[in-house]
Number of protein chains: 2
Amino acid sequence: MSRFFMNERETLVPQALEGLVEAHGGLVEVHTDPLFVTRRTPATGKVALLSGGGSGHEPLHTGFVGTGMLDAAVPGDVFASPTALQVRAALRAVDAGEGTVMVVKNYTGDVLNFSIAAELLAETHRVEQVLVDDDLATQKEDDGGPGRRGTAAVVAVEKVCGAAAEAGAPLSEVRALGQDVVARSATLSVAFEACTNPMTGKRSFELEPGRMEFGVGIHGERGIETRAATEAAALVESLVDPLVASVGIRRGDRVLAIVNGLGATHGLELGVAARETRRVLDGRGVTLARSLVGPYVTSLDMKGLSITLTALTDDLVKLWDAPVRTPALAW
Amino acid sequence: MSRFFMNERETLVPQALEGLVEAHGGLVEVHTDPLFVTRRTPATGKVALLSGGGSGHEPLHTGFVGTGMLDAAVPGDVFASPTALQVRAALRAVDAGEGTVMVVKNYTGDVLNFSIAAELLAETHRVEQVLVDDDLATQKEDDGGPGRRGTAAVVAVEKVCGAAAEAGAPLSEVRALGQDVVARSATLSVAFEACTNPMTGKRSFELEPGRMEFGVGIHGERGIETRAATEAAALVESLVDPLVASVGIRRGDRVLAIVNGLGATHGLELGVAARETRRVLDGRGVTLARSLVGPYVTSLDMKGLSITLTALTDDLVKLWDAPVRTPALAW
């Protein structure tokens, strides 16, 4: 049994957001009816940046609202898209006259609801979209399906686009930068235990002792293969090598690595994963120029981790390094 | 089975620290042989602040090294004190001529090894100690035993003492401030699942469905009582009310609350806990002036949380709010 700490299921997300404000009331503000989160002090004279999606992935996205990153985040219920009306209200709230870029993870519900919201405002608001589809595990020959899922690369997209918007880049440039980061990024995830349904206390799948699930999603989806669990060194190789190949990273290139905990993975474990990521990249002649290590895109209490690689340019390094002040990222 | 992501057990802590540097190399530096962590750029002309203890509680203490907080952290193996020789080496490294305050959590091994280290340097270095013993669950009539354990109040102590040291407070004042924060603080913890031994994959204790362990420690210790699991509102009351009574917090007082995840507790859950903490304190006429919400003092993958209350003064608020730049805390 794994018990989820809450009151009623229906109030979970709004009450958790009250807690976010308790801790970071100087940075963010929660709007109810409909539910969305904005900066406490709205920005002016810049392109607005907005994201959102199902809850259960915290600190994504609400923890990334603040100077140098998002202007608003729109949270759905756990693992469920926000409604188009929520997104529309947030779009209206953040538009400062320079247009808005929506960062959307590639899931059918999110794509639908964010698109509807933008259409509803088409006559009065300029809204562009960056579609994040970095999850290599869901890559297929073009089958007319929904395509690759969006996972932890969204953090790099939000950081880079946020910095560009803050520096005054126009709408088309912020959008193009975000789509460029997507094209330069890929992610793979592995789980040692599935996440637990808050209501039933049941795991979304079961793993035999000594096995791990390779290529899992962030909503309790099974991966593409159940493999024998290995030590960190071999496991990180099995994640990093396909990423390097997929993004087309070559000797001498510089990359950002996001070593992301999926919920119940400890800081010691993520530290070892970051160390092995450096070692594997060194062996391929690739420079690990920047690292972000921690639980940034979680899947409730999943015990697992993901690694995202983003091929960097001088401009992307500058935008990554630019100051940021949000609940979950600050430098 | 709960698998711990690592290579060999013997290299876990040093390899995890390599990962810390990968992510925060601009802030911290790892010294090996013996193992300790310092700021990348040593401070001068100020009292040094040092802490440490067993690993498995990350980001404590290594994640709190940086401007405005610790000068050094000395990590032992998982749930094991660092050696006196490790502490001595770190004391030597950080002493900038103004003396050093050691922040020590009240565990027999830590108290012994930090004291020996200070004694070994007694002729050449001024070293004072703040002993943190905030865990209300281990309070007993004076039985000659080790006394209350040290848990999450250590974060408040390190933040406040770090700010005072950075502002130029002398050795005796930094020590007195730290001991004052301890006297003004108390903590209670609850677990829904125990932590897992990284080697055996076994939980340190088992809980029946629908039960929770009240008053747990941060090393897999059982609590003082196994209770029926309740919703968040009632549970937070059962944590906060004894803290208010123990610290002697009265109507009109202002407090800091640290709502701390013990490892596998999700951000949504901690958000709800923070919201309920505010509600309970409001009902008692106590002002929740500052909140820190997140996994700061973990116990491997324990699913549980602790609440710490610290009664504030104007001076303590200023020191809490002072700028800090560490891997785990930055504002």
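None of these values were measured; they are calculated from a predicted model. Chain letters run A, B, ... following the sequence lines, proteins first, then strands; residues in each count from 1. The figures that follow rest on heavy atoms only: side chains count, while hydrogens, waters and symmetry mates do not.
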In terms of heavy-atom pairs under 4.5 Å, which option from [options] contacts chain A the most?
options: B:Leu268, B:Leu292, B:Leu12; result: B:Leu268
options: B:Val78, B:Val272, B:Val236; result: B:Val272
options: B:Asn7, B:Leu27, B:Val293; result: B:Asn7
options: B:Gly56, B:Gly25, B:Ala330; result: B:Gly56

Below 4.5 Å from any heavy atom of chain B, which atoms of [X] appear? Answer side chain, backbone, both or neither.
X: A:Ala257; answer: neither
X: A:Leu288; answer: both
X: A:Val21; answer: neither
X: A:Thr230; answer: backbone
X: A:Leu305; answer: side chain

Classify the ring geometry of A:Trp331 against A:Trp320: parallel below 30°, tilted from 30° to 60°, perpendicular beyond 60°.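 A:Trp331 vs A:Trp320 ring planes: tilted.
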
Candidate list B:Ser55, B:Ser204, B:Pro198, test side chain to side chain contact (heavy atoms under 4.5 Å, CB included), partner B:Leu300, passing option: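 So the option named by the test is B:Pro198.
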
For chain B, which of [options] has the most heavy-atom pairs under 4.5 Å?
options: A:Arg278, A:His266, A:His57; result: A:His266
options: A:Glu58, A:Glu231, A:Glu269; result: A:Glu269
options: A:His24, A:Arg275, A:Met302, A:Arg290; result: A:Arg275

A:Glu29 with A:Arg39: basic N within carboxylate O range, under 4.0 Å: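 A:Arg39 and A:Glu29: not salt-bridged.
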
Is A:Glu276 salt-bridged to A:Arg279, going by a charged N under 4.0 Å from an acidic O?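 A salt bridge links A:Glu276 with A:Arg279.
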
Distance in Å, [X] [atom1] paired with [Y] [atom2], rounded so as to fall on 0.5 Å steps:
X: A:Cys195; Y: A:Arg203; atom1: SG; atom2: CZ; result: 8.5 Å
X: B:Leu188; Y: B:Leu239; atom1: CG; atom2: CG; result: 6.0 Å
X: A:Phe214; Y: A:Arg227; atom1: CZ; atom2: CZ; result: 4.0 Å

